[in-house]
Amino acid sequence: MSSSHPKYEAVHEVDQLKTARDINLAQLAPKEPCFISYNPSFKRILGENAVVELQEERTQKFAHEAGVYIKSTDCNYFTSPFQGHGTIEVHEASHKTGEVRAVKYDHVVNANGACNYKDNILFCSQGDRTTPSALVLVNPKTSESKILLNNFHGREFNSINDVVVHHERDEIWFTDPTYGYMQDFRPAPKLPIQVYRFKPSTGEVWCVADGFAQCNGLCFSPDYSKIYVTDTGAVQSHVGPGHGGVFSFNSKLPASIYVFDVIDGKFLANRRMFAFCDSGIPDGIKCDVDGNVYSGCNGGVFVWDKEGTLIGKIWVNHEVPNFNFVSGGMWILAHEKLYFCKLEAKGTLVSLECE
């Protein structure tokens with residue numbers, strides 16, 4: 001990665017006694033990337049040399065979802081957003097050269113989220129009008145791909161959005177909202193908006209949670225005892241399905257992170273509110289090894305401790321749909337901009353996937 005890119009390392013500390021009673025002060029937001037600290041514990045996240053570096057900027061939105069590092073290629077993979085026409089692209093960013101290029105894989109149609117599965121990329125292929133939404137496994141070294149799952153006992157998924165792996169059980173958990181239908185590239189939903197568990201060795205699939213406006217990102221706690229699920233229901237097609245990328249924000253609908261207890265690695269119980277996003281929606285979500293929770297929101301990556309206390313923001317002054325941890329920090333996907341943030345904090349899966 002180049003050392004000539006713009007770098008930002010300022011830390012702004014928030015006096016919450018003042019902002020609690022001054023709405024104008026509370027609404028102030030820095031114009032340039034920086035770190036915003038709400039709690040002294042955020043310093044442990046940053047370390048001594050935290051910095052946000054702009055890696056690439058384009059006029060078109062190209063950095064949206066996924067965010068997956070593959071050790072065998074030493075590259076990061078991410079997807080563009082659907083922009084009302086054409087199809088979603090997959091991009092590959094080289095850690096060695098910094099080059100970002102578009103790549104194509106069979107069976108991957110309008111990809112959204114993705115994760116590392118045995119040093120391959122497990123894509124959420126949202127599908128289109130004629131292609132069912134599916135979980136598709138890609139070997140990025142050979143470009144070989146195969147469909148792992150594309151239906152729930154004969155019923156098509158809506159538009160599979162995000163995916164994680166329960167490594168102890170070798171099972172795949174994923175969310176299935178209706179954003180493909182809202183953006184007019186998927187047919188009318190045939191299933192409720194739900195979270196699923198899939199066992200690739202047997203083909204078995206279970207529905208594990210419902211009751212969301214739009215379930216979106218999900219991640220496990222470091223010990224797999226909890227799962228966090230974001231609900232981005234506040235973002236809706238404001239004219240109704242069939243109007244491409246025309247969205248608006250409804251502040252009366254969820255922009256929330258829920259947490260569940262994971263029972264015996266199979267079932268979910270004790271759903272409760274974990275955090276509410278104060279700016280935009282919480283989209284992609286990850287944990288670090290200490291159990292702190294990170295989510296891509298409007299303005300940057302927001303960080304909460306295990307008790308749901310907002311402790312800081314990695315601020316880029318732009319919507320951040322997703323991000324991913326790698327050795328030494330994280331990649332931040334901010335639509336027209338791609339950032340790398342150097343941090344002391346270590347993502348839960350970095351040792352497994354990156355080292």
Side-chain angles (χ1 to χ4, degrees), residues 1-12 29-36 46 49-70 73-104 110-114 121 140 183 217 235 244-247 249 279-284 286 294-303 312-343 347:
M1 290 178 283
S2 171
S3 60
S4 61
H5 296 137
K7 298 180 180 180
Y8 308 89
E9 53 189 19
V11 179
H12 301 286
K31 294 182 178 180
E32 290 194 336
C34 63
F35 302 98
I36 304 175
L46 302 182
N49 301 300
V51 61
V52 176
E53 183 176 355
L54 179 64
Q55 295 294 313
E56 182 154 346
E57 183 174 7
R58 299 184 181 180
T59 56
Q60 295 290 321
K61 296 180 179 180
F62 75 106
H64 178 66
E65 281 282 4
V68 180
Y69 175 76
I70 299 298
T73 62
D74 194 26
C75 290
N76 216 60
Y77 298 84
F78 54 89
T79 62
S80 68
F82 184 77
Q83 299 180 67
H85 62 277
T87 57
I88 292 170
E89 291 187 324
V90 177
H91 291 95
E92 175 188 80
S94 170
H95 273 222
K96 183 176 295 185
T97 67
E99 178 189 6
V100 178
R101 68 186 186 99
V103 291
K104 291 185 178 181
N110 290 320
N112 193 71
I121 312 169
Q183 295 173 90
V235 170
V246 183
F247 283 95
F249 185 81
S279 179
I281 53 171
D283 199 333
K286 307 285 190 299
Y294 301 64
S295 187
C297 302
N298 185 35
V301 179
F302 295 7
V303 188
K313 297 177 180 179
I314 302 167
W315 188 259
V316 297
N317 198 31
H318 201 289
E319 180 186 357
V320 174
N322 221 323
F323 62 98
N324 66 293
F325 282 103
V326 293
S327 298
M330 67 168 60
W331 287 93
I332 298 175
L333 311 175
H335 282 163
E336 296 91 346
K337 298 180 179 182
L338 176 65
Y339 293 93
F340 186 82
C341 179
K342 184 177 180 181
L343 293 171

Study note, to complete from the structure: Between the SG atom in Cys75 and the CD atom in Glu92, the distance rounded to the nearest 0.5 Å is 4.0 Å

Exercise for review: Looking only at non-hydrogen atoms, find the nearest pair between Thr73 and Pro140 and report the distance.
Suggested key: CG2-CG, 4.1 Å

Check your understanding: Donor-acceptor pair, Asn317 side chain versus Glu32 backbone, under 3.5 Å?
Key -> no

Practice item. Using a 4.5 Å cut-off on heavy atoms from C-beta on, say whether the side chain of Val320 contacts that of Asp283. Key: no

**Study point:** Criterion side-chain contact (heavy atoms from CB on, under 4.5 Å) on Phe78 and Val90, from CA distance to verdict
**Key:** CA-CA 6 Å; Phe78 54 89; Val90 177; over 6 Å; no

Review point. Side chains of Ile332 and Leu338: does their closest heavy-atom pair fall under 4.5 Å?
Key: no

Exercise for review: In sequence, state the C-alpha distance, the side-chain angles, and the governing distance for Asn324 and Val68, and then conclude on side-chain contact (heavy atoms from CB on, under 4.5 Å).
Suggested key: CA-CA 7 Å; Asn324 66 293; Val68 180; 5.7 Å; no

Exercise for review: Measure from the side-chain N and O atoms of Thr79 to the backbone N and O of Asn112, and report whether any donor-acceptor pair falls under 3.5 Å.
Suggested key: yes

Check your understanding: Should the pair Trp331 and His95 be assigned to parallel (<30°), tilted (30 to 60°) or perpendicular (>60°) ring geometry?
Key -> tilted

Practice item. For residues Leu54 and Phe340, determine if any side-chain heavy atom of one lies less than 4.5 Å from a side-chain heavy atom of the other. Key: no

Point to revise | Ring centres under 6.0 angstrom apart (Tyr294, Phe325) | key: yes

Review point. Do Val52 and Phe35 come within less than 4.5 Å of each other through their side chains, counting heavy atoms only?
Key: yes

Point to revise | Which atom of Pro81 lies closest to which atom of Ile88, heavy atoms considered | key: C-CG1, 3.9 Å

Practice item. Taking all non-hydrogen atoms of both residues into account, name the closest pair between Val51 and Lys7 and its distance. Key: CG2-CB, 3.7 Å

Point to revise | Test item: side-chain donor near acceptor, Glu65 and Asn322, under 3.5 Å | key: yes

Revision key, fill the gap. dist Glu89:CD -> His91:NE2 (nearest 0.5 Å) comes out at 4.5 Å

Practice item. Would you check if Ile70 and Tyr77 make a side-chain contact, meaning some heavy-atom pair closer than 4.5 Å? Key: yes

Revision key, fill the gap. Looking only at heavy atoms, the pair that brings Ser295 and Gly284 closest together is OG-O, 2.9 Å

Point to revise | Considering all heavy atoms, the nearest Gly67-Asn76 contact | key: CA-ND2, 4.2 Å

Revision key, fill the gap. So NZ of Lys337 and CD of Glu57: to nearest 0.5 Å the spacing works out to 4.5 Å

Check your understanding: Between Ser80 (side chain) and Ala63 (backbone), is there a donor-acceptor pair under 3.5 Å?
Key -> no

Revision key, fill the gap. The salt bridge (charged side-chain N to carboxylate O under 4.0 Å, His left out) partners of Glu56 (sequence neighbours excluded) come to Arg58

**Study point:** Heavy-atom side-chain proximity of Ser279 to Phe302 below 4.5 angstrom
**Key:** yes

Review point. Looking only at heavy atoms, what is the nearest atom pair of Ala10 and Cys34, with distance?
Key: O-CB, 3.4 Å

Check your understanding: Are the side chains of Ile281 and Phe249 in touch, meaning some heavy atoms are under 4.5 Å apart?
Key -> yes

Exercise for review: Evaluate side-chain contact (heavy atoms from CB on, under 4.5 Å) for Tyr8 paired with Trp315, printing each intermediate quantity in order.
Suggested key: CA-CA 10 Å; Tyr8 308 89; Trp315 188 259; over 6 Å; no

**Study point:** Spacing of Glu336 atom CD and Glu319 atom CD [to the nearest 0.5 Å]
**Key:** 9.5 Å

Study note, to complete from the structure: Separation between CZ (Phe323) and SG (Cys297), nearest 0.5 Å, reads 8.5 Å

Practice item. Determine, step by step, whether Gln55 and Val100 satisfy the side-chain contact (heavy atoms from CB on, under 4.5 Å) criterion, reporting the C-alpha distance in whole Å, the side-chain angles of both residues, the deciding distance to 0.1 Å, and the verdict. Key: CA-CA 10 Å; Gln55 295 294 313; Val100 178; over 6 Å; no

Check your understanding: What do you reckon, is CD of Glu9 surrounded by more than 12 foreign heavy atoms closer than 6.0 Å?
Key -> no

**Study point:** Polar contact flag, side-chain donor to acceptor under 3.5 angstrom, Gln60-His335
**Key:** no

Review point. Can you check whether Tyr339 reaches Pro33 side chain to side chain, under 4.5 Å on heavy atoms?
Key: yes

